[in-house]
Amino acid sequence: MPSEPQVRIFASPQDLFRAAAEQFYDRGSRAISEHGRFSVALSGGSTPRGLHEEIVRNFSSRLPWDKVFFFWGDERHVPPDDPESNYRMANETLLGKLHVPADHIFRIPAEMQDAGESAAAYERTLRGFFRAPNVFPRFDFVLLGMGPDGHTASLFPGTTALDEQEHWVVANWVEKLNTFRITMTYPVLNHAACVMFLVSGVEKAQMLKEALRNPNANLPCQRVRPFEGQLLWFLDQGAGGKL
Ligand code: 6PG
């Protein structure tokens, strides 16, 4: 049975990021003690910056980073040094400040001219890491955000990637952004052990109310329901104010 969302609202963005960092740490410790490694899919956008800074500030010495493996749920179709790059943001705010071995960081090769090739290459990387060809990968922890239109990762309303049920990673044309994005698909997100949405800011409150209170809203973020995993929605008071 897909899991019910567990919604937690925190008084301030600081409290939100602190609780999210503790969740990251708890999940990491548990995964490493249970199966020797912690596989994480990071999110893009701006909200994760606060979490990254909190992990660096208060957890940098508390996890064995040689047992943590970093991936991305999605990426913009840009090179890794581009200001729009999700990899660059994570590298500047988190990975570059932790002792994570370089071969534990699996970025999406979005510098490739053909976004479809980037997606295919990344799927090969995931298949090489998870080594279970016939089953979808089971990330220990997937971090997601929610956009103002209810999108998550790069699964935008009205785009073809919403219907993908076979590929693990696809190139998704987003008409309103006039660009491709490279994104993990629902089967991958929904096979995770834990998915945590991190949402901050009053400007997200109305869409959040739709996402969590209107089952007929048919928003991309609503289709993230892990089959055998936890679904957490961590919000600050601004974002959760209309619930
Ligand atoms: C991206 C993200 C995207 C993001 C939302 C929220 O690459 O942009 O993966 O899904 O999480 O757009 O973005 P903000 O955190 O900036 O509001």
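We number each residue from 1, following the sequence as shown. Just the heavy atoms: all of them, side chains too, but no hydrogens, waters or symmetry mates, feed the values below. Just so you know, ligand 1 is whichever comes first in the structure, and atom 1 is the first atom listed for that ligand.
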Open item on the list: Just to confirm my output: which protein heavy-atom neighbour is closest to atom 9 (O) of ligand 1, and how far is it?
Closed with: D74 OD1, 2.7 Å
Open item on the list: Looking at R49 and E53, is there a salt bridge between them, counting it only when a charged N and a carboxylate O are closer than 4.0 Å?
Closed with: no
TODO: Classify the contact between E75 and ligand 1 as side chain, backbone, both or neither, using a heavy-atom distance cut-off of under 4.0 Å.
DONE: neither
TODO: For atom 6 (C) of ligand 1, grab the closest protein heavy atom and report residue, atom and distance to one decimal in Å.
DONE: M146 O, 3.6 Å
Open item on the list: Tell me the protein heavy atom at minimum distance from atom 4 (C) of ligand 1, and give that distance in Å.
Closed with: G44 O, 4.0 Å
Task: Residue portion contacting ligand 1 (non-hydrogen atoms closer than 4.0 Å) for L144 - done: neither
TODO: Using a 4.0 Å heavy-atom threshold (strictly under), name the region of P148 that reaches ligand 1: side chain, backbone, both or neither.
DONE: neither
Open item on the list: Checking a contact table here: which protein heavy atom is nearest atom 17 (O) of ligand 1, and how many Å away?
Closed with: K204 NZ, 2.7 Å
Open item on the list: For atom 5 (C) of ligand 1, what's the nearest protein heavy-atom neighbour? Residue, atom name and distance, please.
Closed with: H151 NE2, 3.5 Å
Task: For E75 against Y87, the heavy-atom pair lying closest together - done: OE2-N, 2.8 Å
- [ ] Taking the side chain as every heavy atom from C-beta outward, state whether Y122 and P109 have any pair of such atoms under 4.5 Å apart.
- [x] yes
TODO: Could you tell me whether E92 and K97 have a side-chain N and a carboxylate O separated by less than 4.0 Å?
DONE: no
TODO: Check T47 against ligand 1 and report side chain, backbone, both or neither, counting heavy atoms closer than 4.0 Å.
DONE: both
